[in-house]
Amino acid sequence: MEADRQNGCIGVFDSGLGGLTVVRRLMAELPGEDIVYLGDCARVPYGTKSPETIRAFARQDADFLMKFDPKLIVVACNTASAHALDALSAALPVSVIGMVEPGARLAVTFAGPGPIGVIATEATISSQAYPRMLERLQPGCKVLSAACPLLVPIVEEGRGEDDPIVLAVLSDYLRQMQRERPTTLILGCTHYPLLSGAIGKLMGPATRLIDSGWAAALAVKRQLTQSHLARAAGGGGTLKCFATDNPQRLSLLAQRIMGRAVEVNWVGTDELTCEKV
Ligand code: DGL
């Protein structure tokens, strides 16, 4: 029975391709785990939607993954983590790990007394999830926040870090951050690690970038190890991907992110269950 649970997969979802940056980290940290990924490409971006819609979509995504009998669910989307994590944790019979707490914990570890920056979607920034979590972990710390709504569509379009449009948009969003010089900058959206080279160049070497997805992968590893549910390397290591729209497109972009061919299957949004949180 315990072995069955151990052999269960990890379910991971995001609004689109950003969560694959988390999958990449999970596969590096936990090479023996089977992963099932859902990218809700038909409804991306989540970051401009209302909290109610984000919660409803997140519940449908998680319900779809529950069909694979996972041992753990990763909400590989900061926006869904900010708005739906508590509700998902209360509703689902398995552990649910989001991005915000692990990202904030890692940032605090490296920040020292300096300010901590957070860049994220509009919905994540307006939720105040990061400032609240950072205040809990390091009372009195100064938090600088910036919403970067154009970055998700830019990344979903497959634009690279050297693209002049990417650089122009980043320069505009990061202007204030550059002035205030945070010691750490949380990439509070799982799409942003795909732009980390350009963000790092603009911020300079004094600012350490924090990949919330990497932090979450470490949290997953800890959780599975503590609950004796981790699989040793050489076990599974498979990746099954689903997209609610245009699987060929996600497959192409996934190949760039994962550095290997990734087959993506289509699943209609009407096949995700529609229960509200
Ligand atoms: N990757 C999601 C996040 O981490 C993007 C949200 C969106 O779809 O706008 O927030």
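Counting starts at 1 for both ligands and their atoms, following the listed order. What you see below is based on every heavy atom in this structure, not just the backbone, and it leaves out hydrogens, waters and symmetry mates.
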Check whether any heavy atom of Cys77 sits under 4.0 Å from an atom of ligand 1.
-> yes
Residue Asp14 vicinity, atoms of ligand 1 by number, heavy atom under 4.0 Å | 1 (N), 2 (C)
Relative to the heavy atoms of Val44, which atoms of ligand 1 are at a distance of less than 4.0 Å?
-> 8 (O)
Examine distances only and state if a side-chain atom of His83 and a backbone atom of Ala123 form a donor-acceptor pair shorter than 3.5 Å.
-> yes
Does NZ belonging to Lys67 count more than 12 external heavy atoms closer than 6.0 Å?
-> yes
Got a donor-acceptor contact below 3.5 angstrom from the Lys71 side chain to the Arg5 backbone?
-> no
Does Lys221 pair with Glu29 as a salt bridge, N-O distance under 4.0 Å?
-> yes
Ligand 1 atoms in contact with Thr79 (distance to a heavy atom under 4.0 Å) = 3 (C), 6 (C), 10 (O)
Salt-bridge test for Arg43 and Asp61: reply yes if a basic N is under 4.0 Å from a carboxylate O, no otherwise.
-> yes
Atom 9 (O) of ligand 1 - nearest protein heavy atom and its distance = Gly47 N, 2.7 Å
Nearest heavy atom to atom 7 (C) of ligand 1 wins, so pick from Tyr46, Phe57, Tyr192.
-> Tyr46
Atom 3 (C) of ligand 1: which of Ile54, Val22, Thr121, Asn78 has the nearest heavy atom?
-> Asn78
For ligand 1, indicate whether the residue Thr190 contacts it via side chain, backbone, both or neither (heavy-atom separation under 4.0 Å).
-> both
Pairs touching residues 232-252 that satisfy side-chain hydrogen bond (donor to acceptor under 3.5 Å, both in side chains), sequence neighbours left out | Asp34-Thr238, Asp40-Thr244
Should you measure from each heavy atom of His191, which atoms of ligand 1 turn up under 4.0 Å away?
-> 1 (N), 2 (C), 5 (C)
Considering the heavy atoms of Ser15, write down every atom of ligand 1 situated less than 4.0 Å from one of them.
-> 5 (C), 6 (C), 7 (C), 8 (O)
Strictly under 6.0 Å, is that where the ring centroids of Tyr37 and Phe242 end up?
-> no
